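What's counted below: heavy atoms across the whole structure, side chains too, no hydrogens, waters or symmetry copies. To find a chain, count down the sequence lines: A is the first, B the second, and so on, and within it residues start at 1. Everything numeric in this text was worked out from a predicted model, so none of it was measured.
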Protein chains: 2
Amino acid sequence: MASPPGWRSGRPSPHISALKDIALFKGLSEDALQEVLACGQTERLAKGALAFRQGAPAETCHSLVHGRVKIAQTRPDGGQFVIRFIGSGEMFGSVAALMGQPFPADATAVVDSIQFVWPIHVMRRLMMRHPDIAIRATTELGARVQELQSRMAEMGATRVEQRIARGLVRLVRQAGRRTEVGIEIDFPITRQDLAEMTGATLHTVSRTLAAWEADGLIDSSRRRITVRRPHGLVVIAEDLPGARDD
Amino acid sequence: MASPPGWRSGRPSPHISALKDIALFKGLSEDALQEVLACGQTERLAKGALAFRQGAPAETCHSLVHGRVKIAQTRPDGGQFVIRFIGSGEMFGSVAALMGQPFPADATAVVDSIQFVWPIHVMRRLMMRHPDIAIRATTELGARVQELQSRMAEMGATRVEQRIARGLVRLVRQAGRRTEVGIEIDFPITRQDLAEMTGATLHTVSRTLAAWEADGLIDSSRRRITVRRPHGLVVIAEDLPGARDD
DNA sequence: CGGGCAATTGAAGTAGATCAAGCCCAGTGG
DNA sequence: CCACTGGGCTTGATCTACTTCAATTGCCCG
């Protein structure tokens, strides 16, 4: 079961600094970091490439060094559901790996990306030796649980326009980039994606965005969304009483 | 910050065996169990009583010794959302406590219950000393994350009848009790509860259950549901092609 | 420059919410 | 013991937000 370096194709790791951005490894000793680094690989992910596929056995932990990755589940009825988008420094695929279960979703690069990949057993060994990593992991996972719970509560009850607004607000927080006119989602996203995040149809999303654009709330073009008045979006998302101008 | 035994009103703990049913403590030494036991309290929860209230600071971990507890969130718009039902041996409130955040939901006993409560710092100390507890915790949380993710994927896309079916199936697995005619949910549950689990209205749930009852799929009366043909329910839940008779 | 993916937009259909009564049954207390 | 009360449940009628179906347009990349 020993996995020597080179267990997977790809160039050796560039530098330890990439690992330091991962929350889970904050405050870890140089030695331990070196251990992860030595067992893992940096890999290029061309736009559209899959880091892993739904249903495949999960034997690896992944962390995004650069780029953007979409985690999406295919439902039995064939529909897709976008679980989340991964930004740099975030880990993905680790829950399944830790649980010894197959990946529950596809991970697709939406832009050219770079990921760092290492075998799960290194993670396990590390946790056994350094309790604070395991504890940090519980914190990370706890945050995920809470986020999912509140997201689920939303899903159940709110009307579609609100769900889309919330989805967009979440994207702005996670991947917003300041521009002259407002805040732009810093990666290409289709209306289809937005629909699959919120459980709406492509058509409804298109109409909704069009309406918001007419109101001057957002700018959008093919695969590009810029929020001009974030607060106005929040007003819709939270169903606040306020009038629809900032 | 030290919390001596007796930090909370209630009788002292009855026996160590109650703790052994908790997954998190499986395989823990007698000493460690004794430590938790010494710092905690067993408490009665009369039907309708709250174990904790949404928004209150979470300084305690809870585990249900006996009974049934409903975890429900009140949304800003006033609506309620039922996150889950707790059965005996399950922990609740621990994620918030571990994260140092307020409880995200109310915990209400739906029948007369007994809970075991202990301060969060004991949990923290235990994790620091026994990495395998922390690791077990990551496994528990990982399972929660996966369950929530798939539940969320459902919420987004399926039609209401399917969501209700899935909710019921989940309840059957978790709280089903064999009877002559089928499997009964072993605690009183209202249509309102079911509606708040699935994001439907009371009315739709009522109509749906009535239809299922007419089909001989279930029996129901006030606060009581018995599933006669679980498989038929699964067929609806998964939208399988099969005809609607077992 | 043309093929295909992304987006728009109209029209029609429908699942489920909402509104509105009324009923049934389990306690409660006189 | 019986009337009363109120929570849980049912059931009909209407309304509408969203989906579905069906074209059509426009943009970008090869």
Phosphate OP1/OP2 of [N] contacted by [X] side-chain N/O (<4.0 Å):
X	N	result
A/Arg222	D/dC27	no
A/Thr201	D/dC18	no
A/Thr204	D/dC18	no

Can you check whether A/Thr204's main-chain N or O pairs, donor with acceptor, with A/Ser206's side chain at less than 3.5 Å?
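Side chain of A/Ser206 to backbone of A/Thr204, a donor-acceptor pair under 3.5 Å: no, none is there.
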Is the backbone of B/Glu147 close enough, under 3.5 Å, to the side chain of B/Ser150 for a donor and an acceptor to pair up by distance?
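Side chain of B/Ser150 to backbone of B/Glu147, a donor-acceptor pair under 3.5 Å: yes, one is there.
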Quickly work out the [X] [atom1] to [N] [atom2] distance and round it to whole Å.
X	N	atom1	atom2	value
A/Leu202	D/dC18	CG	P	15 Å
A/Asp239	D/dA17	CG	P	13 Å
B/Trp212	D/dC9	CH2	P	15 Å
A/Arg224	D/dC28	CZ	P	11 Å
A/Arg207	D/dC18	CZ	P	11 Å
B/Arg159	D/dC18	CZ	C1'	14 Å
A/Ile218	C/dA7	CD1	C1'	13 Å
A/Ile164	D/dA17	CD1	P	14 Å

With no hydrogens and no angle check, just 3.5 Å: does a side-chain donor-acceptor pair link [X] and [Y]?
X	Y	value
B/Thr179	B/Glu184	no
A/Ser88	A/Arg68	no
A/Arg166	A/Thr158	no
A/Thr208	A/Glu161	no

Any base atoms under 4.0 Å from B/Arg223, or only sugar-phosphate, or nothing? Heavy atoms, all strands.
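Sugar-phosphate, no base atom in range.
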DNA chain C contacts among residues 179-193 of chain B, heavy-atom distance under 4.0 Å:
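Residues of residues 179-193 of chain B under 4.0 Å from DNA chain C: none.
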Would you say that A/Val82 contacts A/Lys70 through its side chain, given a criterion of any heavy-atom pair below 4.5 Å between the two side chains?
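Yes; the side chains approach each other to less than 4.5 Å.
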For the side chain of B/His203 and the base of C/dT18, is some donor closer than 3.5 Å to an acceptor across the two?
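No.
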B/Glu154 and B/Arg163 ion-paired at < 4.0 Å:
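Here B/Glu154 does not pair with B/Arg163 in a salt bridge, since their nearest N and O are not under 4.0 Å apart.
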Describe, in one word, how the ring planes of B/His62 and B/Phe92 are oriented to each other, choosing from parallel (under 30°), tilted (30 to 60°) and perpendicular (over 60°).
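Ring orientation, 0 to 90° scale: tilted.
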Hey, what are the protein-to-nucleotides 12-14 of chain C N/O distances that come in under 3.5 Å?
none

